Trainee: 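Pasting in a structure now, in C-alpha cells, and then I'll have a few things to ask.
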Amino acid sequence: MDLELYDQTTTGAQPEQLQLIRDLIDLAGQTLKLRDDTEVSVTLMNNDAIQKSMNSIGVSIVQLMLLVLRCTTMTRMI
C-alpha cells in the first residue's frame, strides 16, 4: 500500500504517533485485503480545522481512516 501522511497540526505529531497511525492504516489495509497498488492519503489536522472541514460531523479518526480506505478501494474497482 502506498501511504502518504500529511501533518497540518499546529504543534506537529511525534514520530511515535505517526508510526502508530501508519501501523493502524496498514492493519486496516490488510484486514480489508487491499491490493498493493492501493494509494492512501491521510492529513492530520487540529480539531478546529477538522470541525470547519467536516461541518461538525462527529466521527472518530478510526472511522474516518476506514472510510478513506473503503473509498479508495471502491474507486480502484470502478
Side-chain angles (χ1 to χ4, degrees):
M1 174 179 1
D2 182 20
L3 172 62
E4 294 290 331
L5 263 175
Y6 301 99
D7 185 2
Q8 295 182 357
T9 60
T10 54
T11 57
Q14 298 297 315
E16 299 83 16
Q17 294 170 320
L18 296 174
Q19 187 59 50
L20 182 62
I21 293 168
R22 284 187 183 92
D23 293 345
L24 177 63
I25 294 171
D26 186 51
L27 178 62
Q30 290 174 22
T31 301
L32 294 171
K33 297 180 178 20
L34 298 180
R35 296 184 340 204
D36 289 339
D37 62 348
T38 301
E39 296 177 2
V40 178
S41 175
V42 175
T43 302
L44 305 176
M45 304 167 70
N46 287 65
N47 194 37
D48 291 341
I50 292 171
Q51 294 302 320
K52 289 177 186 174
S53 66
M54 298 287 292
N55 288 325
S56 299
I57 296 173
V59 293
S60 72
I61 193 163
V62 173
Q63 290 171 320
L64 183 58
M65 283 188 222
L66 291 175
L67 176 63
V68 169
L69 287 170
R70 287 183 184 139
C71 289
T72 302
T73 302
M74 291 175 70
T75 301
R76 293 244 179 236
M77 293 170 48
I78 296 177

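Here the structure is a predicted model, which is why all the values come from computation and not from measurement.
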Trainee: Which distance, rounded to the nearest 0.5 Å, do you find between the CG of Leu5 and the CG of Leu44?
Mentor: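 Going from the CG atom of Leu5 to the CG atom of Leu44 covers 6.0 Å.
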Trainee: Are the side chains of Asp37 and Asp2 in contact, using a 4.5 Å heavy-atom criterion?
Mentor: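 Asp2 does not reach Asp37 side chain to side chain.
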Trainee: What is the distance from atom CD of Gln19 to atom CZ of Arg22, rounded to the nearest 0.5 Å?
Mentor: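 Nearest 0.5 Å value for the CD-CZ distance: 6.0 Å.
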Trainee: Once rounded to the nearest 0.5 Å, what's the spacing between atom CG of Leu24 and atom CG of Leu20?
Mentor: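 One gets 6.5 Å once the value is rounded to the nearest 0.5 Å.
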Trainee: Could you give the distance from CG (Asp7) to CD (Gln14), rounded to the nearest 0.5 Å?
Mentor: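 If we round to the nearest 0.5 Å, Asp7:CG and Gln14:CD are 9.5 Å apart.
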Trainee: To the nearest 0.5 Å, tell me how far Gln17 CD sits from Thr9 OG1.
Mentor: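 OG1 of Thr9 is found 8.5 Å from CD of Gln17.
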Trainee: Which residue is it: Asp26, Asp36, Leu32? I am looking for the one with a side chain to side chain contact (heavy atoms under 4.5 Å, CB included) to Met1.
Mentor: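 Looking at Asp26, Asp36, Leu32, the match for Met1 under the side chain to side chain contact (heavy atoms under 4.5 Å, CB included) is Asp26.
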Trainee: Treating Thr38 as the side-chain partner and Leu34 as the backbone partner, does any N or O pair qualify as donor plus acceptor under 3.5 Å?
Mentor: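 Checking the backbone N and O of Leu34 against the side chain of Thr38, no donor-acceptor pair under 3.5 Å is found.
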